[in-house]
Amino acid sequence: MRYLSDAIQRTFRAEQTYFVRSHAKINLTLDVLGRRSDGYHELITIMQTVDLNDTICLTATKDTSVRMICTRSELSNDDNLAAQAAQAIRQRLSLTQGLDIELHKRIPVAAGLGGGSSNAAAVLLALRQWWQLPLSTTDLQTIAAALGSDVPFFLTGGLALCEGRGERITPLAYRLPPSMRWIMLVKPAISVSTAVVFRNLTERDYSDGTASRSVLAALAALAEGGNQLPLENLHNSLEHSVLEQYPQVAQAREEMLRAGVPYVRLSGSGPTLFSTFSNLSQAAHVQQQLHAQGYEVYLTHAVYPDVEKKVE
Ligand code: C5P
């Protein structure tokens, strides 16, 4: 441990800062196969990172505490997953180095877009890189999985198949088709608890994973020069229950369809809904219409891992 502290002391001075971006995700598919004996649910989900992002600024301090400062004051506390990620690394390596974590939040919170999980993964990757920590990919994945089911996905980002409770990641080298060039996110003005949504699932919501497998096959066919991704295969096992329990989400879905979107899917446990467009002017037209109705609307696009951020 002594060696570690010396190594770290050499790599930075107090007040030195490290900026990092933290992207949101959508679930192209989310098949819930069933409930497990540990209380979690067995999933097959295809996730994709999008350009919508938060900015995190890490500053080394002279003391030994981790301080969380967020543009949303309710997130400026030790419960924030970004702070927990820093604490997990400090604990794992017996480090006492102090750290300020400033988080500029732009990703909607408790929205099904993975913002908190993404922030945690970004802190793990940033600290490993900045402080040159002796943590293997497996170490990082283990720490990430302990922080939350979605955190391991964000260590690689891009397009990936996620299984188990979401923590078993297979990165996919495929790209979304032109029909999905622009991704519209519509966030109804409510927050949804992932735990509550999962708890309210019943047998009728479970699937056998067909949707994810067929989207996977379609993505593979696209890479071989195939045509389109059949949008009807985009499926979310949580959607039925969320639309039933939260009328605001059902209403937003109706408004989106009325505004002319080609289809609507829920991202994660919601309440954010998404649709896709090949054409920016059509997307902008729909965005203006929904915005005028009071919806929080983001027009974004798929992003793929930077070489430097990729965990090898
Ligand atoms: O893993 P994470 O803490 O993000 O999950 C939040 C909650 O969502 C869990 O406490 C659990 O109730 C539910 N969940 C689940 N099955 C999963 C992932 C999450 O039941 N695969």
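As the structure lists them, so they are numbered: ligands from 1, and atoms in each ligand from 1. Numbers here simply count residues along the sequence, with the first being 1.
Listed by chain and residue number, the protein contacts of ligand 1 are Gly39, Tyr40, His41, Leu43, Gly148, Ser149, Arg165, Thr194, Ala195, Phe198 (heavy atom within 4.0 angstrom).
With sequence neighbours left out, Gln245 forms a side chain to side chain donor-acceptor pair (under 3.5 Å) with Asn200, Ser241. Asn279 pairs by the side-chain contact (heavy atoms from CB on, under 4.5 Å) definition with Ser281, Gln282, not counting sequence neighbours.
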Only distances under 3.5 Å count here; give the side-chain donor-acceptor pairs of residues 174-189 to other protein atoms, sequence neighbours excluded, each with its distance to 0.1 Å.
residue : atom : partner : partner atom : Å
Ser179  : OG   : Gln228  : OE1          : 2.8
Arg181  : NH1  : Ser278  : O            : 3.3
Lys187  : NZ   : Ile190  : O            : 3.4

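The two residues Val109 and Ser191 make their nearest non-hydrogen contact at O-OG, 4.0 Å.
Classification of Asp54 and Arg21 as a salt-bridged pair fails, no side-chain N sitting under 4.0 Å from a carboxylate O.
Side chains of Ser269 and Thr194: a donor-acceptor N/O pair is present below 3.5 angstrom, by distance only.
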